[in-house]
Amino acid sequence: QGVKQNSAEAVNWFQKAATAGHAEAQNSLGVRYEKGQGIGQDFAMAVKWYREAADQRLGLAQDNLSDLYVKGLGVPKDPVLAHVWSNLASLNGEASAAKKRAAMEARMSREQILESTTHIGSMYARGRGVPLDAAMAVQWYTRAANQGFAIAQFELAECYDKGVGVPQNSLRAAEWYEKAARQGNDRAQASLGYLYDVGIGVQQNMAQALQWYHMAAGNGNAVAQYNLGSMHANGHGVPQSVMQAAMWFSIVEANADTTRRGAAEQARRQVEEKMTAEQIAESKRLAREWIKANVR
């Protein structure tokens, strides 16, 4: 159109605009990589550029990204993420996405659909691919939580706990934490343990706090493991025991991320100042035995 057709030169200009953040150019560049037009076919690069545009709420790019998740091109085949991006494409005005989404749902399990529903809530919570909207996030979480999906129940509990998207309500937070905790969600177990620990949304009950902390700790939750260490170090809700405290802090050090590992190391060193060499050795042995029995 007005010049001799030159796919490589078209790619060159799409690349300049895409790199500058132009969503339509990012999508067009993704198409060229997907189809090998004017550049070598590269599905991973197609995914990269579709995702850049999809994050900017371009429905066409979200639809294209969904297609690649359906086919497993450039990304592992993933019906849940395909469904998520198809939903967002529809929400952003891509007319063809609704029919594709219906076809996907016919092949998906109930669990997969609930996972996708929860994921869409998280997209609204982060403003990724859709406008940042905490109230909409709550709506999507509630939809999956009411059908018993534990992750959605935890996320909804967090919203009530922090007053994000809904008025702050510790009682409702405790109710949703407990629903998720009873399904084995370790973050919900740790959070519910904390509410019983301090008496927020529920009557303070140290036995319940310890029960939920131990369940979460057994499921690998570093927050619960650290809290158990603190309880033993301070004699809070349990008899004071520097050995037990050091054991739990050592467990966190062995299993947690860098931030929590650093805090646990500092706490362990503090309690070890009050311990004999024999007690320190015994606490390390107990930690190793606990890890061997509980970490898989």
Side-chain angles (χ1 to χ4, degrees), residues 14 17-31 44-70 74-76 78-98 100-101 104-105 108 112-147 149-169 172-173 176-177 180 185 187-188 191 257 259:
F14 282 139
T19 302
H22 192 278
E24 287 82 358
Q26 291 167 343
N27 179 70
S28 294
L29 187 57
V31 171
M45 288 298 292
V47 169
K48 167 187 162 52
W49 287 112
Y50 285 151
R51 186 174 282 123
E52 292 275 352
D55 284 346
Q56 296 195 66
R57 308 177 205 164
L58 186 66
L60 180 57
Q62 292 169 337
D63 189 47
N64 289 338
L65 184 56
S66 174
D67 287 343
L68 294 188
Y69 274 110
V70 168
V75 286
D78 191 325
V80 172
L81 287 177
H83 188 257
V84 168
W85 286 112
S86 184
N87 265 283
L88 298 194
S90 185
L91 289 167
N92 283 310
E94 186 58 30
S96 65
K100 292 180 182 178
R101 188 179 70 249
M104 289 179 206
E105 289 174 357
M108 293 171 71
Q112 286 174 324
I113 292 173
L114 292 177
E115 183 181 352
S116 173
T117 301
T118 305
H119 202 127
I120 294 167
S122 296
M123 300 294 256
Y124 273 109
R126 298 167 189 160
R128 184 183 174 201
V130 285
L132 180 67
D133 191 329
M136 282 298 293
V138 168
Q139 288 186 33
W140 284 91
Y141 290 148
T142 301
R143 191 180 304 181
N146 282 334
Q147 295 184 64
F149 193 64
I151 298 172
Q153 292 171 339
F154 170 77
E155 296 292 352
L156 186 57
E158 288 274 278
C159 292
Y160 278 109
D161 200 359
K162 298 172 182 175
V164 176
V166 287
Q168 197 278 337
N169 188 323
R172 293 287 286 157
W176 283 112
Y177 279 139
N185 184 285
R187 293 184 297 168
S191 295
D257 58 38
T259 302

Q: Supply the atom-to-atom distance Asn64 CG to Leu58 CG, rounded to the nearest 0.5 angstrom.
A: 8.5 Å
**Q.** Note, Met104 side chain near Val70 side chain (heavy atom, < 4.5 Å)
**A.** yes
Q: For side chain to side chain contact (heavy atoms under 4.5 Å, CB included), just list the numbers for Arg187 and Glu155, CA-CA rounded to whole Å, side-chain angles, deciding distance to a tenth of an Å, and then say yes or no.
A: CA-CA 10 Å; Arg187 293 184 297 168; Glu155 296 292 352; 3.8 Å; yes
**Q.** Exercise: identify the closest heavy-atom pair between Ala125 and Ala137
**A.** N-CB, 3.7 Å
Q) CG of Asn185 to OG of Ser191: how many Å apart, nearest 0.5 Å? A) 8.5 Å
Q: Report yes or no: do Ser122 and Tyr141 form a side-chain donor-acceptor pair below 3.5 Å?
A: yes
Q: For the residue pair Leu156 and Arg172, establish whether any side-chain heavy-atom pair is separated by less than 4.5 Å.
A: no
Q.
Could you check whether any side-chain heavy atom of Asn27 comes within less than 4.5 Å of a side-chain heavy atom of Tyr50, counting everything from C-beta outward?
A. yes
**Q.** Any Lys100 side-chain heavy atom under 4.5 Å of Asp67 side chain
**A.** yes
Q) Is it true that the side chains of Gln62 and Asn92 contain a donor and an acceptor less than 3.5 Å apart? A) yes
Q | Student check: side-chain heavy atoms of Leu88 and Leu91 closer than 4.5 Å | A | yes
Q. Met123 versus Trp85: any side-chain heavy-atom pair under 4.5 Å?
A. yes
Q. Do side-chain atoms of Gln56 reach the backbone of Gly21 as a donor and acceptor pair under 3.5 angstrom?
A. yes
Q) If every non-hydrogen atom of Ala98 is compared with every non-hydrogen atom of Ser90, which pair is closest and at what distance? A) CB-OG, 4.2 Å
Q. What's the shortest heavy-atom distance between Ala46 and Leu68, and which atoms?
A. CB-CD1, 4.2 Å
Q) Do Arg101 and Asn87 come close enough that some side-chain heavy atom pair is under 4.5 Å? A) yes
Q.
Looking at every non-hydrogen atom in both residues, tell me the closest pair between Val84 and Ser116 and how far apart they are.
A. CG2-OG, 3.4 Å
Q: Assess the side chains of Glu105 and Gln112: does a donor N or O sit below 3.5 Å from an acceptor N or O?
A: no
Q: Working to the nearest 0.5 Å, report the span between CD of Gln147 and CG of Leu114.
A: 5.0 Å
Q) Do the side chain of Gln26 and the main chain of Ala53 share a donor and acceptor less than 3.5 angstrom apart? A) yes
Q) Looking only at heavy atoms, which two atoms of Ala152 and Thr118 are closest? And how far apart? A) CB-OG1, 3.3 Å
Q.
Using every non-hydrogen atom in the two residues, find where Pro76 and Tyr69 come nearest and quote the distance to one decimal.
A. O-CD2, 3.7 Å
Q. Any sub-3.5 Å donor-acceptor pair from Ser28's side-chain atoms to Glu24's backbone N or O?
A. yes
Q.
Would you compute the distance between atom OG1 of Thr117 and atom CZ of Arg143 and round it to the nearest 0.5 angstrom?
A. 6.5 Å
Q | Any donor-acceptor N/O pair, Gln168 side chain to Asp161 backbone, under 3.5 Å | A | yes
(Q) I'd like to know whether Val138 forms a side chain to side chain contact (heavy atoms under 4.5 Å, CB included) with Tyr124, so could you lay out the CA-CA distance, the side-chain angles of the two residues, the decisive distance to 0.1 Å, and finally the verdict. (A) CA-CA 9 Å; Val138 168; Tyr124 273 109; over 6 Å; no
Q) For the residue pair Tyr177 and Phe154, does the interplanar ring angle fall in the parallel (under 30°), tilted (30 to 60°) or perpendicular (over 60°) class? A) tilted
Q.
If we ignore hydrogens and angles and just use 3.5 Å, is the side chain of Ser86 paired with the main-chain N or O of Ala97 as donor and acceptor?
A. yes
Q: Begin with the C-alpha distance, continue with both residues' side-chain angles, and end with the deciding distance and a verdict on side chain to side chain contact (heavy atoms under 4.5 Å, CB included) for Val164 and Glu158.
A: CA-CA 8 Å; Val164 176; Glu158 288 274 278; over 6 Å; no
